Colleague: 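Sharing a structure, written as structure tokens. Questions coming.
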2 protein chains.
Amino acid sequence: MQRARTDQAKDDRREVLLTAALHEFFERGFSAARMDDIAKRAGLSKGTLYLYFDSKEALFTSLIETFALPNVERIETAARAAGGARNAIRAVLALAPNLVRESVVPLIAKILIADAPAFPDIVTAYRKTVIERVLGVFADILKDAHEAGEIDVSDPDLTARLVVAPIMFSAMWRVVFEHDDEAKLDLVKLFALHEKMLLRALWFKEEAA
Amino acid sequence: MQRARTDQAKDDRREVLLTAALHEFFERGFSAARMDDIAKRAGLSKGTLYLYFDSKEALFTSLIETFALPNVERIETAARAAGGARNAIRAVLALAPNLVRESVVPLIAKILIADAPAFPDIVTAYRKTVIERVLGVFADILKDAHEAGEIDVSDPDLTARLVVAPIMFSAMWRVVFEHDDEAKLDLVKLFALHEKMLLRALWFKEEAA
DNA sequence: CCTATATAACTGACTGGTCAGTTATATAGG
DNA sequence: CCTATATAACTGACCAGTCAGTTATATAGG
């Protein structure tokens with residue numbers, strides 16, 4: 001086997017191992033995933049895996065930390081870049097189909113849901129740094145629009161959750177049901193509809209006109 | 001240990017074991033849950049557990065089958081009993097807080113999500129008998145209202161998913177985050193808001209008036 | 001109503017297999 | 001030829017499933 005001697009090469013190897021771990025943990029869950037399989041999937045041996053991570057738990061923790069943030073930033077930028085609440089909602093819901101179908105977000109979510117009771121600290125950290133940050137961005141935008149008299153939002157935090165709920169719903173749908181093709185969702189249509197209904201609900205006076 | 005001699009007593013024992021299994025599988029996942037712990041939780045020995053279920057897998061299957069249907073029926077009756085789409089939506093969303101907070105539905109959902117890849121057949125069966133049945137009830141109601149000219153619903157199947165999404169969202173929230181009290185959701189307010197926004201989105205012409 | 005006998009519910013020690021983590025050995029690459 | 005990296009053989013803890021033995025309960029027979 002070729003050796004990773006430079007720092008760059010080692011970082012690459014770490015990443016390959018983390019990606020392998022992502023898929024094994026996703027498919028099997030923390031407990032049933034085998035360190036041997038993760039190493040093999042990365043084209044390495046178990047011994048080598050232990051050169052890069054101290055334990056199965058350490059690997060799990062690194063995994064969540066590594067994959068959690070990048071996609072949050074994508075959402076956050078899209079939301080903040082668009083001017084105004086209406087455009088922010090549009091921008092994020094336009095991103096949603098790709099996020100649900102192509103990104104690792106649904107995989108990470110599934111892994112966290114599955115192993116939450118075993119890793120309460122990781123879950124709490126994830127909620128604070130990822131979930132509540134995303135919800136907070138939405139809530140802020142809604143609040144601003146409310147204060148500007150543009151829309152009527154009694155509770156921005158709860159409204160933000162209602163905006164996000166279909167993303168979570170379809171992420172779980174993908175992860176649980178889409179192993180059989182019969183159950184595929186049309187995500188583009190789903191989020192277009194969600195957008196339409198949200199705009200009607202929030203700007204209902206103008207929309208009805 | 002007292003013995004279960006009558007059929008009734010045996011059924012009771014089965015149920016106690018299933019309830020113990022529900023909680024262990026929920027907390028640990030299929031793989032990490034121990035048959036010994038399930039038995040102990042039910043106040044019995046592992047040997048006895050094997051008198052009632054052939055294997056860990058058989059126990060798992062029975063568990064899903066036993067707990068899946070009753071709550072579907074609750075939703076279905078509530079939806080069908082209420083006359084008209086508006087009342088059906090109201091009736092079901094009024095049920096939602098209790099369903100999310102008190103029923104086993106979120107536990108079963110979590111277990112299924114966690115172990116879906118290991119039990120594709122169970123998952124497919126669950127989708128057909130539970131999920132699509134519930135979604136179908138909503139879709140039918142929406143379609144009827146649409147055909148009666150009451151509301152404008154281009155795609156009842158997708159709309160039904162948007163109605164249900166916040167239930168799934170808050171079920172996962174409970175199951176993943178509510179181990180710490182800091183993260184409690186106000187479900188009554190959440191679903192009241194969801195109802196308000198749905199009514200605006202669907203009957204937006206009248207609501208705006 | 002008592003007691004002896006039969007039965008089926010129950011138990012927990014044991015077995016075989018699995019897998020996280022360790023270590024002795026091999027070798028790529030400078 | 002030296003050493004950091006990689007490997008695969010190894011160890012021991014753990015656990016699903018089994019089964020020989022135990023005991024609660026039913027009931028036959030006095």
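Note that this is a predicted model, so its numbers are computed, not measured. Each chain gets a letter, A, B and so on, in the order the sequences are listed, and its residues count up from 1. Keep in mind that the numbers below use all heavy atoms, side chains included, and drop hydrogens, waters and symmetry copies.
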Colleague: Above 12 or not: heavy atoms from other molecules or residues under 6.0 Å from CD of A/E73?
Modeller: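 Correct, the count exceeds 12.
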Colleague: Keeping B/H194 on the side-chain end and B/V163 on the backbone end, is there a donor-acceptor pair under 3.5 Å?
Modeller: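 Indeed, once roles are kept as given, a pair shorter than 3.5 Å links the two residues.
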Colleague: Provide, to the nearest angstrom, the distance between the CG atom belonging to B/D36 and the C1' atom belonging to D/dC14.
Modeller: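 That distance rounds to 11 Å.
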Colleague: Taking the six-membered ring for Trp, are B/F119 and B/F60 ring centroids under 6.0 Å apart?
Modeller: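 Yes, ring centres under 6.0 Å apart.
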Colleague: Provide, to the nearest angstrom, the distance between the CZ atom belonging to B/R14 and the P atom belonging to C/dA9.
Modeller: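 Spelled out: CZ on B/R14 to P on C/dA9 is 14 Å.
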Colleague: Starting from P on D/dC15, measure out to NZ on B/K40 and report it in whole angstrom.
Modeller: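 From B/K40 NZ to D/dC15 P: 11 Å.
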Colleague: Once you round to the nearest 0.5 Å, how far does CD1 of A/I111 lie from CD1 of A/I122?
Modeller: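 That separation rounds to 11.0 Å.
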Colleague: Does the pair A/R90/A/E195 count as a salt bridge with the N-to-O cut at 4.0 Å?
Modeller: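 Yes, A/R90 and A/E195 are salt-bridged.
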Colleague: Run the salt-bridge test on A/E102 and A/R174 with the 4.0 Å N-O cut-off and return the result as yes or no.
Modeller: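 Result for this pair is no, no salt bridge flagged.
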Colleague: State whether the side chain of B/K56 and the backbone N or O of B/S31 hold a donor-acceptor pair below 3.5 Å, judged by distance alone.
Modeller: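 Indeed, once roles are kept as given, a pair shorter than 3.5 Å links the two residues.
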Colleague: Give the rounded distance in Å between these two atoms: CG of A/L17 and P of D/dT5.
Modeller: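 My rounded result for the distance is 14 Å.
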Colleague: Quick one: label A/A33 by what it contacts on the DNA or RNA (base, sugar-phosphate, nothing), any heavy atom closer than 4.0 Å.
Modeller: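 If one applies the 4.0 Å heavy-atom cut-off, A/A33 turns out to touch the sugar-phosphate alone, with no base involved.
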Colleague: Would you mind checking if B/K184 and B/E178 are paired as a salt bridge, meaning a charged N to carboxylate O distance below 4.0 Å?
Modeller: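 No.
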Colleague: At under 4.0 Å between heavy atoms, how does the protein contact nucleotides 24-30 of chain C? Give one character per nucleotide, 5' to 3', with B, S or -.
Modeller: --BBSS-
Colleague: Write down the distance between NZ (B/K10) and P (C/dA8), rounded to a whole number of angstrom.
Modeller: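 Distance check: B/K10 NZ to C/dA8 P gives 9 Å.
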Colleague: Let me know the distance between CG of B/D7 and P of C/dA8, rounded to the nearest Å.
Modeller: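 Interatomic distance, CG of B/D7 to P of C/dA8: 13 Å.
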Colleague: Distance check needed: D/dC15 C1' versus B/E24 CD, whole Å only.
Modeller: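 It works out to 14 Å between those atoms.
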Colleague: Can you tell me if A/R200 uses its side chain to pair, donor with acceptor, with the backbone of B/A201 under 3.5 Å?
Modeller: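 Flag set: sc A/R200 to bb B/A201 pair under 3.5 Å.
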Colleague: Check DNA chain C against residues 45-57 of chain B and give the residues with a non-hydrogen atom under 4.0 Å, in numerical order.
Modeller: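 Only B/S45, B/G47, B/T48, B/L51, B/Y52 qualify.
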Colleague: May I ask you to decide if A/F26's main-chain N or O and A/K110's side chain share a donor-acceptor pair within less than 3.5 Å?
Modeller: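 Looks like yes, one N/O pair under 3.5 Å.
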Colleague: For the pair A/D155 (side chain) and A/L158 (backbone), establish whether a donor and an acceptor sit closer than 3.5 Å, ignoring hydrogens and angles.
Modeller: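 Yes.
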Colleague: Using Watson-Crick and G-U wobble pairs with both distances under 3.5 Å, what is the 5'-to-3' dot-bracket string of DNA chain C, with [ ] for crossing pairs and | for pairs outside the strand?
Modeller: ||||||||||||||||||||||||||||||
